[in-house]
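Worksheet: the structure to be examined is printed underneath.
Keep in mind the model is a prediction, meaning the values are calculated, not measured. Sequence lines set the chain letters: A, B, ... in the order given, protein chains first and strands last, and positions in each chain run from 1.
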Amino acid sequence: MTYIEHINTLLRIQVGKLPLVIYGQNITRGSCLGGFTRGVLPGKGGRAINTTNAESTLAGLGFGMLLEGQSSIFFTKQMDFLLLGIDQLVNTYNNIRSASDQKELGSYTIFPITVDSGLQGPQSSLNTFADFCTIAKIRGYTLTNKWDAGRILSRHLTAPGFRLMTVSQRMFKDELLPLPKPLWVGKDDTAFQYYAGDGATVVAFNFALPQAFTLREELKKAGIAAALFNVNSPTTYDCGKIIESTNKTKKLIVLDDSKSDNLPHNHLLADDKLKPLTLRLVIKRELKKDWLYPVKDLLEIDYKKVVEKVCKT
Amino acid sequence: MTLSLQKLGERVVWLRTAQLMINEEYRKGIFKVPIHLALGHEALAVALESVLSRNDRLILTHRNAAYNLARCQSLQAVRDEYLLKKSGLAGGKLGSMNLANPVRGIPYASSILGNSFPVGAGVALALQKKGKGIAISLGGDGSMEEGTFYETLTFAKAQKLPLIVLIENNKWSMATHISERRAPIDLTLFARALGVSYVHLSGNNVYTYVQALKKARAVAHKNGPVLVEAEVSTLGDWIKQEEKGPRLINYHSGPAPTVTFGGTIATIRRSPEDPLQVLEKKLGAVWLKKSVSKQYHTLRKELL
């Protein structure tokens with residue numbers, strides 16, 4: 001099953017349970033956002049609305065419903081479009097959470113697609129989920145595989161209060177990563193551990209889990225058992241187990257495919273519980289001169305070189 | 001049933017007196033949070049408050065003083081909120097510009113121009129789903145310049161939302177008059193272009209305002225969004241001596257420097273721009289004088 005087929009199946013189940021208002025542009029028309037929202041319908045008494053093109057207003061609608069106890073999900077085709085709704089994400093959300101009794105609020109989730117294939121051109125080059133989450137300390141979740149998607153959607157999609165969630169367009173047609181059941185899940189489902197290992201600690205951010213998974217496989221071939229983590233929330237994530245693992249292996253390899261200067265892995269590197277390391281390798285996007293042109297948006301890794309480095313230290 | 005002009009007039013006077021008492025203390029520097037008084041908006045605020053049904057919701061702007069006072073009927077609660085006391089209307093958590101009162105149907109107030117229109121539409125959508133109540137989202141002639149004004153009305157029309165978008169047109173956005181910043185916008189034509197009902201209010205007669213708003217409420221509940229434009233004068237302006245000569249400064253926020261109150265005369269402008277002047281013409285100078293005195297003593301008693 002592909003990544004998007006799996007997420008779509010989970011959405012159909014979760015959304016169909018409740019009388020939600022789901023809305024957004026073309027959510028039940030055409031390709032249904034590339035299959036993301038195909039067949040996704042709310043339970044009895046709910047509504048699905050194909051809206052006007054008005055992202056600022058669409059971002060605010062959900063907050064109005066939330067205040068009135070009505071739960072909703074705003075699906076949007078591109079995370080870039082959500083830039084038009086920043087006022088609502090920051091000012092309205094701050095206003096509401098400062099004074100409201102969370103128990104009396106409805107649920108509101110904004111669910112954009114991170115358009116990270118890189119071929120759309122300069123106006124669609126924003127791929128860093130953290131840029132949205134950190135602007136007002138908004139809880140956000142990336143969905144990267146069957147395990148985190150299942151847990152996060154079932155526990156947070158329609159929970160009271162507000163959050164952001166996102167999927168990676170680049171991964172839509174990929175087969176789901178063959179990951180085992182998580183060994184550990186961080187507080188509020190902000191991070192997941194998939195493998196244990198004493199040889200190195202590999203941690204993925206944003207949508208770099210596929211590369212991190214491959215790196216772990218390559219390290220295994222070289223006889224190094226690496227622990228593998230994925231951080232799903234860019235703000236205030238639980239990195240307790242990651243630090244514990246790193247302090248044991250003394251080798252930390254971070255993979256972050258964010259293009260922004262606002263890199264979520266910096267919180268981990270700055271944590272004062274992290275002891276001195278023998279290897280600290282940060283693999284992030286090196287933006288070339290053509291980064292604003294329609295070129296493939298991919299974190300490229302020389303796996304052989306990385307494995308050699310880990311073996312040498 | 002609509003209250004008599006006299007009963008409504010008492011409420012208008014109470015609201016004016018309460019705002020004047022805040023202004024007096026504001027002039028003494030008692031309040032630290034920025035307050036946007038709405039002297040001159042009293043007839044509209046009282047009329048709107050009196051047409052709200054139990055399930056209706058009011059979504060306000062930073063100039064929410066008149067509506068919050070009219071809705072909660074307590075100067076003490078609002079004053080304490082401005083002083084950021086726990087006994088304040090919102091427990092001292094919101095201050096002035098974002099002051100809301102969910103228990104009395106005011107779930108949200110925004111200090112960002114145009115921000116509250118979409119939130120109001122969301123509230124209206126939830127109410128539509130429940131099958132009861134309407135949302136009334138306020139803005140001014142400044143916020144209607146924001147894109148969300150158009151976006152919200154377009155969406156609300158498409159979904160036939162029970163929503164009134166009420167524009168308080170005082171012709172000023174901070175210190176800039178409409179004529180200094182844009183071409184005039186004919187909201188009659190604007191509403192017609194979107195297929196939205198339009199209601200125009202002017203003259204500050206609280207009784208006729210109630211009648212018009214009742215009708216607008218019924219239309220919004222049954223047929224979808226209504227755009228109401230109310231002409232208001234935000235009173236409290238003064239003349240500033242500048243290098244190029246004297247310049248009118250329309251009241252925006254802070255204490256109104258030229259407005260004073262000693263407990264007897266509450267009228268600020270001798271024209272229909274002042275709702276109290278309108279009441280004086282309808283009910284007489286003696287009635288107004290007695291009413292101001294009565295409301296002042298009631299409010300002083302509350303604060304004691």
- Item | Worked verdict on B/Tyr108 versus A/Thr92 for side-chain hydrogen bond (donor to acceptor under 3.5 Å, both in side chains) | CA-CA 9 Å; B/Tyr108 183 75; A/Thr92 307; 3.2 Å; yes

- Checking side-chain contact (heavy atoms from CB on, under 4.5 Å) against B/Glu151, which of A/Thr57, A/Thr52, A/Asn53, A/Leu58 comes through?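 It is A/Thr57; the other options fail the test.
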
Just checking [X]: does its [atom1] atom have more than 12 heavy atoms from other residues, nucleotides or ligands closer to it than 6.0 angstrom?
X        : atom1 : answer
B/Lys132 : NZ    : no
B/Tyr198 : OH    : yes
B/Arg181 : CZ    : yes
B/Lys171 : NZ    : yes

Closest non-hydrogen atom pair between [X] and [Y], with its separation:
X        : Y        : answer
B/Ala126 : A/Gln70  : CB-CB, 3.7 Å
A/Ser56  : B/Thr148 : OG-CG2, 3.4 Å
A/Asn95  : B/Ala109 : ND2-O, 2.7 Å

- Should B/Leu94 and A/Ser98 be marked as a side-chain contact (heavy atoms from CB on, under 4.5 Å) after you check the CA-CA gap, both sets of side-chain angles, and the distance that decides it? CA-CA 8 Å; B/Leu94 292 174; A/Ser98 70; 3.7 Å; yes

- Message: For A/Ile49, which atoms come within 4.5 Å of any heavy atom of chain B: side chain, backbone, both, or neither?
- Response: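 Contact with chain B involves the side chain of A/Ile49 alone.
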
- Item | Euclidean distance, B/Gln128 CD relative to A/Arg47 CZ, rounded to 0.5 Å |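 If we round to the nearest 0.5 Å, A/Arg47:CZ and B/Gln128:CD are 5.0 Å apart.
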
- Can you tell me how far OG of B/Ser110 sits from CD of A/Gln88, rounded to the nearest 0.5 angstrom?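 So the gap between those two atoms works out to 7.5 Å.
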
- Most contacts with chain A, counted as non-hydrogen pairs under 4.5 angstrom, among B/Thr152, B/Leu127, B/Ile112: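 Max contact count across the listed options: B/Ile112.
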
- Query: Looking at B/Lys129, B/Arg57, B/Gln159, which makes the most heavy-atom pairs under 4.5 Å with chain A?
  - Reply: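 The residue among B/Lys129, B/Arg57, B/Gln159 with the greatest pair count is B/Lys129.
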
- Query: What part of B/Glu146 gets closer than 4.5 Å to chain A, counting heavy atoms only: side chain, backbone, both or neither?
  - Reply: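 Neither the backbone nor the side chain of B/Glu146 comes within 4.5 Å of chain A.
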
- Under 4.5 Å from any heavy atom of chain A - which part of B/Ala121: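 Answer is both: backbone and side chain atoms of B/Ala121 are under 4.5 Å from chain A.
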
- I would like to know whether A/Asp87 and B/Asn115 meet side-chain hydrogen bond (donor to acceptor under 3.5 Å, both in side chains); could you show each step before the answer? CA-CA 7 Å; A/Asp87 164 50; B/Asn115 165 284; 3.0 Å; yes

- Message: Any salt bridge linking B/Lys130 with A/Glu68? Criterion: basic side-chain nitrogen under 4.0 Å from a carboxylate oxygen.
- Response: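 Yes, B/Lys130 and A/Glu68 are salt-bridged.
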
